Amino acid sequence: MEGLTGMEKIRLILDGVREGNIVILEEGLSPDEESKLIEVTMTEISPDDFTGIEIETYPKAEATDQSFLDKLMGRKSAQKLTVIGPANRIETLHKDENLISTLVSRK
(Lines give C-alpha, C1' and ligand atoms only; values in the text may rest on other atoms or scores of the structure.)
Protein backbone atom coordinates (compact mmCIF):
# COMPACT_ATOMS: atom_id res chain seq x y z
CA MET A 1 0.00 0.00 0.00
CA GLU A 2 3.07 2.18 0.14
CA GLY A 3 2.64 3.65 -3.35
CA LEU A 4 -1.10 4.33 -3.06
CA THR A 5 -2.74 7.67 -2.40
CA GLY A 6 -4.84 8.13 0.73
CA MET A 7 -8.13 7.66 -1.15
CA GLU A 8 -6.82 4.54 -2.93
CA LYS A 9 -5.88 3.03 0.45
CA ILE A 10 -9.32 3.84 1.85
CA ARG A 11 -11.08 2.33 -1.17
CA LEU A 12 -8.94 -0.83 -0.98
CA ILE A 13 -9.66 -1.22 2.75
CA LEU A 14 -13.40 -0.58 2.44
CA ASP A 15 -13.76 -2.93 -0.53
CA GLY A 16 -12.04 -5.68 1.47
CA VAL A 17 -14.15 -5.10 4.57
CA ARG A 18 -17.38 -4.99 2.53
CA GLU A 19 -16.48 -8.48 1.26
CA GLY A 20 -16.35 -9.61 4.90
CA ASN A 21 -12.56 -9.65 5.28
CA ILE A 22 -10.52 -8.53 8.26
CA VAL A 23 -7.82 -6.13 7.03
CA ILE A 24 -4.55 -5.87 8.95
CA LEU A 25 -2.18 -3.02 8.13
CA GLU A 26 1.38 -3.38 9.37
CA GLU A 27 2.14 0.32 9.00
CA GLY A 28 -1.26 1.65 9.96
CA LEU A 29 -2.82 4.81 8.59
CA SER A 30 -1.97 8.43 9.16
CA PRO A 31 -4.42 10.33 11.40
CA ASP A 32 -5.80 12.10 8.30
CA GLU A 33 -6.27 8.80 6.45
CA GLU A 34 -7.95 7.23 9.47
CA SER A 35 -10.42 10.11 9.85
CA LYS A 36 -11.14 10.05 6.10
CA LEU A 37 -11.74 6.27 6.31
CA ILE A 38 -14.31 6.83 9.07
CA GLU A 39 -15.91 9.69 7.12
CA VAL A 40 -16.24 7.63 3.92
CA THR A 41 -17.50 4.62 5.90
CA MET A 42 -20.26 6.73 7.47
CA THR A 43 -21.51 7.79 4.02
CA GLU A 44 -21.65 4.15 2.84
CA ILE A 45 -23.51 2.64 5.82
CA SER A 46 -26.84 1.09 4.94
CA PRO A 47 -28.90 -1.05 7.35
CA ASP A 48 -29.45 -3.89 4.88
CA ASP A 49 -26.08 -3.92 3.13
CA PHE A 50 -23.15 -2.45 5.09
CA THR A 51 -23.16 -1.85 8.85
CA GLY A 52 -19.78 -0.16 9.07
CA ILE A 53 -16.33 -1.01 10.35
CA GLU A 54 -14.57 -1.72 13.61
CA ILE A 55 -11.07 -0.26 13.73
CA GLU A 56 -8.34 -0.62 16.35
CA THR A 57 -4.75 0.58 16.24
CA TYR A 58 -1.98 -1.00 18.28
CA PRO A 59 1.50 0.47 18.77
CA LYS A 60 4.25 -1.91 17.70
CA ALA A 61 6.91 -3.04 20.12
CA GLU A 62 9.73 -0.59 20.69
CA ALA A 63 11.41 -0.08 17.33
CA THR A 64 15.12 -0.88 17.19
CA ASP A 65 15.69 1.78 14.54
CA GLN A 66 14.33 4.56 16.75
CA SER A 67 16.71 7.51 16.71
CA PHE A 68 18.81 8.41 19.74
CA LEU A 69 17.06 11.81 19.93
CA ASP A 70 13.62 10.13 19.98
CA LYS A 71 14.76 7.83 22.79
CA LEU A 72 16.29 10.74 24.70
CA MET A 73 13.13 12.86 24.34
CA GLY A 74 10.93 9.90 25.35
CA ARG A 75 9.11 9.82 22.02
CA LYS A 76 7.41 6.59 21.08
CA SER A 77 7.86 5.03 17.66
CA ALA A 78 5.20 6.02 15.12
CA GLN A 79 5.01 2.44 13.89
CA LYS A 80 1.68 0.78 14.54
CA LEU A 81 -0.54 -2.10 13.54
CA THR A 82 -4.14 -1.42 12.50
CA VAL A 83 -6.94 -4.02 12.43
CA ILE A 84 -10.09 -3.17 10.46
CA GLY A 85 -13.12 -5.42 10.04
CA PRO A 86 -16.87 -5.45 9.43
CA ALA A 87 -18.76 -4.13 12.45
CA ASN A 88 -21.39 -6.88 12.17
CA ARG A 89 -18.77 -9.67 12.36
CA ILE A 90 -16.45 -8.49 15.09
CA GLU A 91 -18.11 -9.34 18.38
CA THR A 92 -15.36 -8.36 20.80
CA LEU A 93 -12.13 -6.54 20.16
CA HIS A 94 -9.83 -6.49 23.17
CA LYS A 95 -6.67 -4.44 23.22
CA ASP A 96 -3.98 -5.15 25.75
CA GLU A 97 -0.38 -3.97 25.86
CA ASN A 98 0.98 -7.17 24.30
CA LEU A 99 -2.15 -9.02 23.17
CA ILE A 100 -4.81 -8.55 20.53
CA SER A 101 -7.90 -10.74 20.83
CA THR A 102 -11.18 -10.72 18.95
CA LEU A 103 -14.21 -12.91 18.43
CA VAL A 104 -15.28 -12.97 14.79
CA SER A 105 -18.66 -14.39 13.78
CA ARG A 106 -19.22 -16.29 10.52
CA LYS A 107 -22.20 -14.28 9.23
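Hydrogens, waters and symmetry mates play no part in the numbers below; they use all other heavy atoms, side chains included. Only a predicted model underlies this, so the values are computations on that prediction, with no experimental measurement involved.
Distance check, rounded to the nearest 0.5 Å: CE of Met1 to CD1 of Ile10 gives 9.0 Å. Atom-to-atom distance recorded for Thr82:OG1 and Leu37:CG is 9.5 Å, nearest 0.5 angstrom. Interatomic distance, Glu2 CD to Glu27 CD, rounded to the nearest 0.5 Å: 7.5 Å.
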Verdict with reasoning, Ile13 to Leu29, per side-chain contact (heavy atoms from CB on, under 4.5 Å): CA-CA 11 Å; Ile13 292 166; Leu29 297 170; 4.0 Å; yes
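Scanning all heavy atoms of the two residues, the minimum distance from Leu81 to Glu26 falls at CD1-CA, 3.9 Å.
Between Glu8 and Arg11 no salt bridge is recorded (no basic side-chain N to carboxylate O distance below 4.0 Å).
Side-chain contact between Ile55 and Thr41 is absent, with no heavy-atom pair separated by less than 4.5 Å. Asp49 has its side chain out of reach of Glu44: every pair of non-hydrogen atoms, C-beta onward, lies at least 4.5 Å apart. Side-chain contact between Ile22 and Pro86: present, with at least one pair of heavy atoms (C-beta onward) separated by less than 4.5 Å. Two residues are said to be in side-chain contact when any heavy atoms from C-beta on lie closer than 4.5 Å; Leu14 and Ile84 fail this criterion.
Partner of Lys36 under the salt bridge (Lys or Arg N to Asp or Glu O under 4.0 Å) criterion, out of Glu34, Glu33, Glu39: Glu39 alone.
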